[in-house]
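Here the structure comes first, spelled out in structure tokens, and everything after it is commentary.
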There are 2 protein chains.
Amino acid sequence: MPQTASATTAKKPSRIQVRNRRKILDAALDVFSQHGFRGATLDQIAEAAGLSKPNVLYYFDGKEAIHVELLNALMAEWLAPLAEMNPQGEPLDELMAYIARKIEMSHTYPRESRLFANEIIQGAPRIGPHLDQRLKPLFDEKCALIQNWMDTGRLAVMHPGHLIFSIWAITQHYADFDAQVQVLMPGTEAAQNSAREHVERMFRTLLTV
Amino acid sequence: MPQTASATTAKKPSRIQVRNRRKILDAALDVFSQHGFRGATLDQIAEAAGLSKPNVLYYFDGKEAIHVELLNALMAEWLAPLAEMNPQGEPLDELMAYIARKIEMSHTYPRESRLFANEIIQGAPRIGPHLDQRLKPLFDEKCALIQNWMDTGRLAVMHPGHLIFSIWAITQHYADFDAQVQVLMPGTEAAQNSAREHVERMFRTLLTV
DNA sequence: TCGTGGCTTGACCAAATGGTAAAAAACATC
DNA sequence: GATGTTTTTTACCATTTGGTCAAGCCACGA
């Protein structure tokens with residue numbers, strides 16, 4: 001059996017293991033992000049991965065284990081941009097850089113965005129603790145930082161928490177509601193660019209003192 | 001059999017029919033909005049409605065029929081506020097009134113918001129045509145209206161389509177991502193009010209010439 | 001070349017799921 | 001209270017689903 005990523009029993013995984021686990025996770029990202037956890041089936045994941053169902057279960061302990069692994073990987077990447085906001089930097093530049101990265105991520109990783117959206121919409125049954133323990137402290141820290149920037153007159157004053165919510169809401173909207181966006185504003189690259197420009201201009205206007 | 005809302009064969013439904021159909025739709029809204037279409041089960045819906053599964057199927061032709069009926073009812077209510085934006089009114093007032101109504105609806109009908117979000121995230125497989133035929137014309141019309149307002153200098157200039165997307169994204173965020181909001185900003189009524197104030201102030205700032 | 005251990009598969013299983021048929025119960029109307 | 005109609009339930013069914021198991025395959029080092 002392949003070592004199931006136990007911290008203690010950690011032998012280096014074979015090339016086949018790396019390849020197949022990657023294939024499974026990629027396929028599962030497709031399926032979970034489109035149908036949610038309960039709506040996704042192992043058969044779909046197996047077929048999308050080009051493996052048999054028992055073979056999928058050879059690499060992961062079950063449907064939930066795949067989902068958990070995806071969410072864990074997601075959270076790490078998802079939090080990084082926020083964490084990188086630098087207290088020493090120029091406030092407006094830092095926030096605009098964060099927004100730009102968020103937009104880019106939603107564009108580059110729409111499946112991850114939808115996976116997260118699905119999980120939250122369903123009440124965060126599997127990622128709840130993660131939110132509490134990892135996201136909350138970071139959120140609070142960055143709220144305090146932004147509040148400080150505002151207090152010292154270097155940013156327009158508003159509620160930092162709701163500001164962050166607004167950034168998340170708008171940037172993720174283009175990934176999560178892509179089906180709607182495509183209907184209402186057809187056209188691929190031009191629309192994408194105009195979206196980026198709109199969002200950046202909007203927050204720059206809002207945040208500039 | 002109860003008449004399945006056929007336009008031609010329309011006898012008035014009995015009181016029991018009205019009551020039970022309502023119960024089923026309410027229960028289904030709970031279940032669908034939480035798990036998505038594929039993740040929801042008839043047993044869950046039946047139990048939530050306090051009826052047996054065959055009894056549920058006595059009132060609706062199947063799982064999909066319930067879902068379709070919910071989405072149809074949803075679209076009608078969902079589009080109303082946008083449709084009510086009055087070309088003769090004062091531009092800023094009209095837009096702010098629309099935003100206020102959107103916020104209120106997200107607060108009052110979070111299940112509907114999540115039902116819609118689930119459907120769109122999954123690629124709008126069942127509501128796609130509806131979007132094309134009903135939402136798109138309305139969206140285009142209101143975009144033109146807003147564009148006109150901006151052209152005549154009565155609103156700050158920006159892309160009308162993306163403006164609407166921003167409004168939708170932010171207002172629905174508080175309903176769809178409630179699980180996350182509750183973790184990051186605990187507290188019920190105060191948070192709700194501060195959210196409303198933040199969003200309204202934000203768009204007012206943005207739209208004022 | 002031959003084991004040997006990691007990898008893969010076909011066959012299978014129990015539970016869940018969407019749905020059906022027909023009888024029983026409840027109801028309305030005369 | 002008899003009678004026809006609507007509503008509800010009991011007992012099913014076929015398929016799907018998450019998961020198991022033992023046997024077979026295959027790569028690779030000795």
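First the proteins, then the strands, lettered A, B, ... as listed; each starts at 1.
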> How does protein reach along nucleotides 17-29 of chain D, written 5' to 3' as B (base within reach of a heavy atom under 4.0 Å), S (only sugar-phosphate), or - (no contact)?
Replying inline: SBBBB--------
Quick one: side chains of residues 115-122 of chain B, donor-acceptor pairs under 3.5 Å with protein atoms, not counting sequence neighbours, listed by atom name and distance.
from     : atom 1 : to       : atom 2 : distance (Å)
B:Asn118 : ND2    : B:Ser33  : O      : 3.0
B:Asn118 : ND2    : B:Arg114 : O      : 3.4
B:Glu119 : OE2    : B:Arg126 : N      : 2.7
B:Glu119 : OE2    : B:Ile127 : N      : 2.8

>> Tell me every residue that passes side-chain hydrogen bond (donor to acceptor under 3.5 Å, both in side chains) with B:His173, counting only those two or more places apart in sequence or in another chain.
In response: none
Could you tabulate the donor-acceptor pairs under 3.5 Å formed by side-chain atoms of residues 73-85 of chain A, not counting sequence neighbours?
from    : atom 1 : to       : atom 2 : distance (Å)
A:Glu84 : OE1    : A:Arg101 : NH1    : 2.4
A:Glu84 : OE2    : A:Arg101 : NH1    : 3.2

>> Less than 4.0 angstrom between a side-chain N/O of A:Tyr59 and OP1 or OP2 of C:dC7, yes or no?
In response: no
>> Does C:dC7 have its OP1 or OP2 closer than 4.0 Å to a side-chain nitrogen or oxygen of A:Tyr58?
In response: yes
>> Whole angstroms only, please: what is the CD-C1' distance between B:Glu47 and D:dT9?
In response: 17 Å
> Listed by chain and number, what are the side-chain hydrogen bond (donor to acceptor under 3.5 Å, both in side chains) partners of A:Arg111, not counting sequence neighbours?
Replying inline: A:Asp26, A:Asp30
>> Restricting to ring-ring contact (aromatic ring centres under 6.0 Å, His included), what partner residues turn up for B:His130, sequence neighbours left out?
In response: none
> Between B:Asn55 (CG) and C:dA23 (P), how many Å, whole number?
Replying inline: 18 Å
>> Nearest to the A:Gln17 side chain among D:dT9, C:dG6, C:dT8, which nucleotide is it?
In response: C:dG6
> Does B:Asn20 place a side-chain N or O at less than 4.0 Å from the phosphate oxygens OP1/OP2 of D:dT8?
Replying inline: yes
>> Students often mix this up, so state it plainly: with edges at 30° and 60°, are the rings of B:Phe32 and B:Phe37 parallel, tilted or perpendicular?
In response: parallel
>> It should be established whether A:Ser52 places a side-chain nitrogen or oxygen under 4.0 Å from OP1 or OP2 of nucleotide C:dT8.
In response: no
> In whole Å, what is the span from the NE2 atom of B:His67 to the P atom of C:dG18?
Replying inline: 13 Å
> Roughly, in whole Å, what's the span from CZ in B:Phe60 to C1' in C:dG18?
Replying inline: 16 Å
